[in-house]
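Scroll down for the structure; my scribbles are underneath it.
Not measured: the values here are computed from a predicted model.
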Amino acid sequence: MTKKRQYLSALLIIAITGIGFVTVSGSVFSGYHFMDCHGFTNIAWTVRETSWWESLKSFFLSESGRFRPGWCLYMHLVSCMPWGDNMLAQGIVKILLNILAAFILYVTGRNMKWPHRSSLLFAGLTVIGTQSAIFYQTVSQETTGLIFLSLSWLLLLKLVNRGGGDFIFV
């Protein structure tokens, strides 16, 4: 099987498994949860009632001691601007982000010269299990963090495989 076909089959397997997992568990489509979503609804309301810039300024001014610029920009630009407070749309976006994270993990496994099945198992064990409940909450920031972590692993691995990692002592 060619590399392109393996990647396509992996993406299809990851997508079907991911959509099946969140459909059976009901986690993404469960709607609003006060513990998780109260900050999101504040941002969605502020974006709807004021300009994007005013909303962003008020968020940074109200943050007391927490440094979350990536989450803030993600919530304003990717989450609240196009979808508002539509929790179903937020859940669908979360599914797509989790599929992207799992696919990046699969590509990382393939770049470590693991076989197709082992790479799929690596991606599956990372995003499905007891540790992964937070990834499927509707407006959590952990999924975005998982994507950045997966990308950093992949890029670091590519650097080492290319021979540029001689300065890294692990």
Side-chain angles (χ1 to χ4, degrees), residues 1-45 47-48 52 59 68-158:
M1 190 182 312
T2 66
K3 191 174 187 178
K4 185 177 181 180
R5 288 179 70 93
Q6 281 184 347
Y7 280 23
L8 241 100
S9 71
L11 185 60
L12 187 64
I13 290 168
I14 289 168
I16 290 171
T17 305
I19 291 169
F21 177 74
V22 297
T23 302
V24 168
S25 71
S27 61
V28 172
F29 303 111
S30 60
Y32 177 83
H33 299 281
F34 181 74
M35 289 298 292
D36 305 322
C37 303
H38 69 281
F40 160 73
T41 54
N42 286 340
I43 293 171
W45 181 84
V47 166
R48 185 176 58 234
W52 175 82
F59 180 83
R68 304 184 296 172
W71 182 79
C72 173
L73 291 173
Y74 168 77
M75 287 304 290
H76 280 80
L77 291 174
V78 177
S79 207
C80 292
M81 289 292 286
W83 317 116
D85 57 359
N86 183 345
M87 295 305 276
L88 179 61
Q90 300 296 336
I92 291 170
V93 168
K94 188 61 66 172
I95 291 170
L96 294 175
L97 289 174
N98 279 306
I99 289 170
L100 175 65
F103 184 70
I104 294 170
L105 288 167
Y106 167 80
V107 172
T108 302
R110 294 299 289 159
N111 276 282
M112 286 191 275
K113 311 290 188 239
W114 290 352
H116 180 68
R117 289 182 181 163
S118 298
S119 299
L120 280 172
L121 185 65
F122 171 60
L125 289 176
T126 304
V127 296
I128 295 178
T130 56
Q131 80 286 355
S132 66
I134 191 69
F135 300 141
Y136 298 99
Q137 291 178 356
T138 309
V139 292
S140 66
Q141 59 194 7
E142 283 77 8
T143 304
T144 313
L146 180 63
I147 289 172
F148 284 120
L149 177 67
S150 304
L151 279 174
S152 66
W153 283 348
L154 180 61
L155 293 174
L156 182 64
L157 187 61
K158 284 189 174 286

- Message: Is any side-chain heavy atom of Y106 closer than 4.5 Å to one of L11?
- Response: no

- Should S9 and H116 count as side-chain neighbours, where that means a heavy-atom distance under 4.5 Å? yes

- Query: Where do A101 and S150 come nearest, in terms of heavy atoms and distance?
  - Reply: O-OG, 4.1 Å

- Note on the structure: So OG1 of T17 and CG of N98: to nearest 0.5 Å the spacing works out to 13.0 Å

- To the nearest 0.5 Å, how far apart are CG in L120 and CD in Q6? 9.5 Å

- Message: Nearest 0.5 Å, please: how far is CG in L100 from CD1 in I147?
- Response: 4.5 Å

- Task: Could you tell me which non-hydrogen atom of A123 sits nearest to which non-hydrogen atom of A102, and how far apart they are?
- Result: CB-O, 3.3 Å

- Look up atom OG1 in T108 and atom CZ in F122, then write down how far apart they are to the nearest 0.5 Å. 6.0 Å

- Heavy-atom distance under 4.5 Å between the side chains of V127 and L146, does that happen here? yes

- Query: Any side-chain heavy-atom pair from I19 and I99 closer than 4.5 angstrom?
  - Reply: yes

- Gap separating the CG atom of L149 from the OG1 atom of T144, nearest 0.5 angstrom: 12.5 Å

- Task: Enter the distance from L97:CG to I92:CD1 here, rounded to the nearest 0.5 Å.
- Result: 12.0 Å

